[in-house]
Amino acid sequence: MVLRSCCKFGPVSVLFRLGYVALLLLCVTHLRCARAETKTVVQKDAEFDVTYNDTVTSDNQTIYAFNHTVSRNKTEGVRVTVDVLSEGAESSPILFVVRQKQAVLSFQVPLILRGLYQRKYPYAHVGRTLCQPPTRTLSETQYFFVDVSTLSSLGTHYQLRISRVESFTLHTSNMCSLTEQTDTRSSLIAKCCVLPYQCPVYDLDNNVAFIGMYQTMTKTAAITVQRKDFPSNSFYVVVVVKTEDEACGGPLRFYPLRPDELIDAGNRSKTLDVVVSPAISSDVYVMGMLFCLGIFLSFYLLTFLVACVENKRMHRRREGLLNPADMSPAETGIPPGVTPVSPYEYGSFADNASTLSSEAITDSIASDANYGYMERSLESVTGRSRQESLSSIEEDDYDTLADIDSDKNIVRTKKYLCVSDLARKDKRVLSKKYQIYFWNIATIGVFYALPVIQLVITYQTVVNVTGNQDICYYNFLCAHPLGNLSAFNNILSNLGYVMLGLLFLLIVLQRDIIHSRALDRHDLNALECGIPKHFGLFYAMGTALMMEGLLSACYHVCPNYTNFQFDTSFMYMIAGLCVLKLYQKRHPDINASAYTAYACLAAVIFFSVLGVVFGKGNMVFWIIFSVLHILATMLLSTQLYYMGRWRLDSGILRRIVYVIYTDCIRQCSGPMYIDRMVLLVMGNIVNWSLAAYGLLKTPNDFASYLLAIAICNLLLYFAFYIIMKLRSGERIQCMAMVCILFTAVVWGFALFFFFQGLSTWQKTPAESREHNRDCIVLSFFDDHDIWHFLSSIAMFGSFLVLLTMDDDLDDVQRDKIFVF
């Protein structure tokens with residue numbers, strides 16, 4: 001029984017002994033590993049302003065213990081400076097851990113910072129700033145520890161120094177000079193940041209943008225700090241020199257052959273002065289707003305006074321004349337039984353009713369072309385009443401008469417034209433045609449402005465949330481925030497466009513009402529004299545000026561190259577509408593329709609966007625644009641020279657060859673319309689020159705280049721109009737002359753302030769800040785704000801010039817007003 005029992009439990013005992021031996025071996029191995037991984041920890045009591053030279057290996061760890069007294073009413077900065085003296089420490093860097101009361105800061109030395117394209121820059125000399133933990137007592141002794149460790153078995157030699165930072169606290173209006181070694185390059189790029197007063201302090205290139213506000217700089221930078229962003233009423237100002245200058249437009253000095261190759265950044269240091277100045281008070285904001293409102297409200301007051309004087313003068317003139325209803329037929333000059341001309345038939349040639357016959361016109365202009373024209377009223381053609389709404393009258397009702405095309409050829413191809421020749425259409429038709437300009441631009445403005453407002457609000461929100469002030473190109477030396485807006489003064493200064501645009505609309509409305517009343521009482525001067533008055537384009541111009549102010553304000557919420565088109569789109573429209581209005585004055589019947597005009601302006605804005613996005617240095621784009629520019633100039637010249645009496649079809653080349661053969665080869669004859677030819681030759685010279693300039697220079701600011709083309713053509717046509725007006729024996733009245741001189745002077749001053757160039761998105765944000773300047777008016781407005789004030793006044797004056805320049809013709813019959 002016993003033997004059997006032993007045989008039964010023998011194998012279990014053997015397994016137990018084997019497990020015991022394995023456990024014993026495991027414990028011995030663990031003890032050996034633990035002994036091998038045990039580090040020697042050395043703690044030293046250290047002092048400030050003492051340099052400690054030591055060596056650290058994977059077998060030892062050094063802890064430096066510091067203590068210092070913290071005062072509640074005094075802020076001191078503590079600087080940790082480390083130098084690694086051993087070569088090849090990049091493979092096994094030293095880890096420094098600073099343990100404070102409320103923060104832990106760790107960093108390695110050599111410190112590896114990455115640049116563009118993942119280039120690596122090692123720094124063996126590293127300095128970090130420690131924050132001061134808050135204390136509730138008047139003074140308190142606090143401790144902090146610096147742990148030094150590495151995984152290098154060979155040992156790495158280093159130097160450690162803890163020191164207090166002099167001039168750590170910035171005082172208002174006192175200059176603090178921050179010198180990081182020596183100033184080797186004044187244009188060296190740095191990042192200036194304003195951080196909340198909290199631990200830890202982010203003072204490296206790769207983490208300084210985590211919180212607060214920051215911007216890159218070369219020579220100048222300015223950050224406006226608002227109390228709402230820093231509830232503790234304290235903040236840190238951190239300046240970090242970046243590893244590369246390429247972010248600010250500088251060249252790259254090194255290109256690594258291998259992706260992980262370390263590049264020596266050299267001695268990158270910078271000397272700068274930091275000044276903390278008090279922001280402007282709320283009184284300055286109030287004064288700036290009152291100043292802005294006062295300037296433009298004074299124009300309302302001046303306009304009211306001029307309107308009162310003009311109304312009184314017209315009243316006296318009316319009192320000096322007899323009422324036409326009390327005059328005899330002999331006195332009125334209208335034969336008995338003849339109905340006065342309808343207000344809707346001005347400028348037309350009737351059988352017996354109108355004093356303006358086709359024979360009289362041809363005699364007055366010494367034309368060799370004899371033609372007759374019998375008026376066909378809309379009543380005889382359609383049977384509709386004259387009192388029907390304008391919506392029931394279409395231009396095609398009149399233009400599609402069987403003989404109208406041949407009649408157009410007879411009239412418009414005369415050598416000398418008068419306004420009466422080009423003012424033959426029904427007034428209701430033309431009024432509707434030109435009112436479309438106003439309604440279309442109002443619709444365009446609403447649909448254009450809404451997404452723009454949404455976009456710039458998003459831009460401003462991104463700036464406020466991220467703190468990245470490189471997104472927007474402000475004049476930071478004169479950018480006064482208000483609420484969530486970073487540069488309220490640049491937005492406020494655009495108020496003039498809106499207020500003066502509204503004032504111009506009111507002036508046009510007054511003239512429109514006076515003219516309508518004159519037509520209602522069958523005033524012959526309104527019916528048969530002067531330039532035909534159509535106010536639709538004037539309404540469109542006033543609306544465009546108001547939209548320009550709104551969109552310019554939107555652009556200045558966050559100015560940069562992606563939204564510069566907001567600031568220029570309605571400038572193109574204003575220039576185009578002014579040209580159309582000048583042309584409409586003498587060519588009311590053949591002016592472009594609103595649909596055609598706005599389609600052309602849309603094409604201009606489309607090319608503006610393409611130029612901003614793709615035009616910089618792209619020669620293919622400039623070649624295509626220059627070719628299209630020249631072709632458009634030639635087509636428009638042909639349209640203007642022949643008064644629209646030509647066709648662009650498959651036979652155009654055959655007709656061109658025929659004209660060249662008959663007029664240049666077979667017999668050399670001069671142009672039939674000399675005045676028009678002079679204008680068009682000058683216009684082609686200017687436009688071909690601008691196209692050549694763009695092709696050769698390829699300017700970076702394509703939007704401004706395109707705007708310069710529009711303005712040059714407008715000025716050329718305006719100068720031609722004035723010269724031809726004086727050459728035709730007409731005169732410019734006093735009011736119009738005052739407006740011309742005043743507008744010219746204001747434009748001169750406005751352009752002076754425009755070309756000051758306080759910022760430019762054609763350069764990097766840091767380079768743009770080199771152009772920043774201080775405020776010049778009321779410590780609130782800068783040069784660009786003055787440009788806004790003066791340019792809005794100058795545009796308003798320009799519109800008044802177009803409105804009043806032909807007032808001298810109000811009493812001149814239309815068959816005596818020449819077309820040019």
Student: Heavy atoms only: give me the nearest Tyr473-Pro765 pair and the separation to one decimal.
Tutor: OH-CD, 3.4 Å
Student: Has the side chain of Asp785 got a donor or acceptor atom that lies under 3.5 Å from a matching backbone atom of Ser493?
Tutor: no
Student: Any side-chain donor-acceptor pair under 3.5 Å between Asp806 and Tyr721?
Tutor: yes
Student: For salt bridge (charged side-chain N to carboxylate O under 4.0 Å, His left out), just list the numbers for Arg769 and Asp470, CA-CA rounded to whole Å, side-chain angles, deciding distance to a tenth of an Å, and then say yes or no.
Tutor: CA-CA 10 Å; Arg769 291 186 184 92; Asp470 285 350; 2.7 Å; yes
Student: Using side-chain heavy atoms (C-beta onward) and a distance below 4.5 Å, is Leu422 in contact with Val819?
Tutor: yes
Student: Please assess Phe789 against Phe753 for the test ring pair (Phe, Tyr, Trp, His ring centres under 6.0 Å), listing each intermediate value before the final yes or no.
Tutor: CA-CA 10 Å; Phe789 290 147; Phe753 286 101; over 10 Å; no
Student: Considering residues at least two apart in sequence or located in another chain, which fulfil the ring pair (Phe, Tyr, Trp, His ring centres under 6.0 Å) criterion with Phe796?
Tutor: none
Student: Please indicate whether Trp688 has more than 12 foreign heavy atoms, meaning atoms of other residues, nucleotides or ligands, lying under 6.0 Å from its CH2.
Tutor: no
Student: May I have all residue pairs that pass salt bridge (Lys or Arg N to Asp or Glu O under 4.0 Å) and include part of residues 789-803, sequence neighbours excluded?
Tutor: none
Student: Looking at Leu477 and Arg773, what are the two nearest heavy atoms and their distance?
Tutor: CB-O, 3.3 Å
Student: Roughly how far apart are Leu545 CG and Met573 CE, rounded to 0.5 Å?
Tutor: 14.0 Å
Student: Can a cation-pi geometry be assigned to Lys581 and Phe538, taking NZ or CZ under 6.0 Å from the six-membered ring centre and within 45° of the ring axis?
Tutor: yes
Student: Looking at Gln460, is its backbone amide N or carbonyl O close enough to the side chain of Asn484 to form a donor-acceptor pair, meaning the two atoms are under 3.5 Å apart?
Tutor: no
Student: Taking atom CG of Leu716 and atom CD1 of Ile711, what is their separation to the nearest 0.5 Å?
Tutor: 13.5 Å
Student: Less than 6.0 Å separating the ring centroids of Phe625 and Phe702?
Tutor: yes
Student: Looking only at non-hydrogen atoms, find the nearest pair between Pro559 and Tyr474 and report the distance.
Tutor: CD-CE2, 3.6 Å
Student: Do the side chain of Tyr598 and the main chain of Tyr437 share a donor and acceptor less than 3.5 angstrom apart?
Tutor: yes
Student: What distance separates Ser704 OG from Ile709 CD1, expressed to the nearest 0.5 Å?
Tutor: 11.5 Å
Student: More than 12 foreign heavy atoms under 6.0 Å from CE of Met634: is that the case here?
Tutor: no
Student: Is a side-chain donor or acceptor of Lys425 paired with a backbone partner of Asp589 at a separation under 3.5 angstrom?
Tutor: yes
Student: Counting the benzene-type ring for Trp, do Phe621 and Phe614 have ring centres under 6.0 Å apart?
Tutor: no
Student: Side chains of Gln565 and Val613: does their closest heavy-atom pair fall under 4.5 Å?
Tutor: no
Student: Taking the side chain as every heavy atom from C-beta outward, state whether Tyr595 and Ile436 have any atom pair closer than 4.5 Å.
Tutor: yes
Student: Rounded to the nearest 0.5 Å, what separation is found between the NZ atom of Lys219 and the CG atom of Asn772?
Tutor: 13.5 Å
Student: Taking the six-membered ring for Trp, are Phe820 and Phe720 parallel (under 30°), tilted (30 to 60°) or perpendicular (over 60°)?
Tutor: perpendicular
Student: Strictly by modelled atom types, are Asn494 and Ser552 linked by a side-chain donor-acceptor pair under 3.5 Å?
Tutor: yes
Student: Quick one: pull up CD1 in Ile531 and NZ in Lys585 and give me the separation to the nearest 0.5 Å.
Tutor: 7.0 Å
Student: Out of Tyr555, Phe564, Tyr448, which residue meets the side chain to side chain contact (heavy atoms under 4.5 Å, CB included) rule with Ser569?
Tutor: Tyr448
Student: A side-chain contact here means heavy atoms from C-beta on lying under 4.5 Å apart; do Phe299 and Phe504 qualify?
Tutor: no
Student: Just verifying a value: how many Å separate Ile574 CD1 and Thr543 OG1, rounded to the nearest 0.5 Å?
Tutor: 10.5 Å
Student: Can you find a pair of side-chain heavy atoms, one from Leu492 and one from Leu482, that are under 4.5 Å apart?
Tutor: no
Student: Just do the side chain to side chain contact (heavy atoms under 4.5 Å, CB included) check on Phe570 and Leu550 with the steps written out, would you?
Tutor: CA-CA 10 Å; Phe570 274 82; Leu550 176 61; over 6 Å; no
Student: Is the shortest heavy-atom distance from the side chain of Ile223 to the side chain of Phe476 under 4.5 Å?
Tutor: no
Student: Under a 3.5 Å distance rule, please check whether Glu770 uses its side chain to pair with a backbone N or O of Ala766 as donor and acceptor.
Tutor: no
Student: At their closest point, which heavy atom of Cys554 faces which heavy atom of Ile453, and how far apart are they?
Tutor: SG-CG1, 3.7 Å
Student: Taking side chain as C-beta onward, heavy atoms only, is His534 less than 4.5 Å from Asn591?
Tutor: no
Student: Please report the closest heavy-atom contact between His629 and Ala691, naming both atoms and the distance.
Tutor: ND1-CB, 3.6 Å
Student: At their closest point, which heavy atom of Asn464 faces which heavy atom of Ser486, and how far apart are they?
Tutor: OD1-OG, 4.1 Å
Student: Going through the checks in order, is the side chain to side chain contact (heavy atoms under 4.5 Å, CB included) test met by Asp782 and Asn490?
Tutor: CA-CA 8 Å; Asp782 60 15; Asn490 294 147; 3.7 Å; yes
Student: Any idea how His788 and His784 line up, ring-wise: parallel (<30°), tilted (30 to 60°), or perpendicular (>60°)?
Tutor: perpendicular
Student: Does the ring centre of Tyr434 sit less than 6.0 Å away from the ring centre of Phe535?
Tutor: no
Student: Are the side chains of Leu758 and His771 in touch, meaning some heavy atoms are under 4.5 Å apart?
Tutor: no
Student: List for me each residue that meets side-chain hydrogen bond (donor to acceptor under 3.5 Å, both in side chains) alongside Tyr214, sequence neighbours excluded, and say none if there are none.
Tutor: none
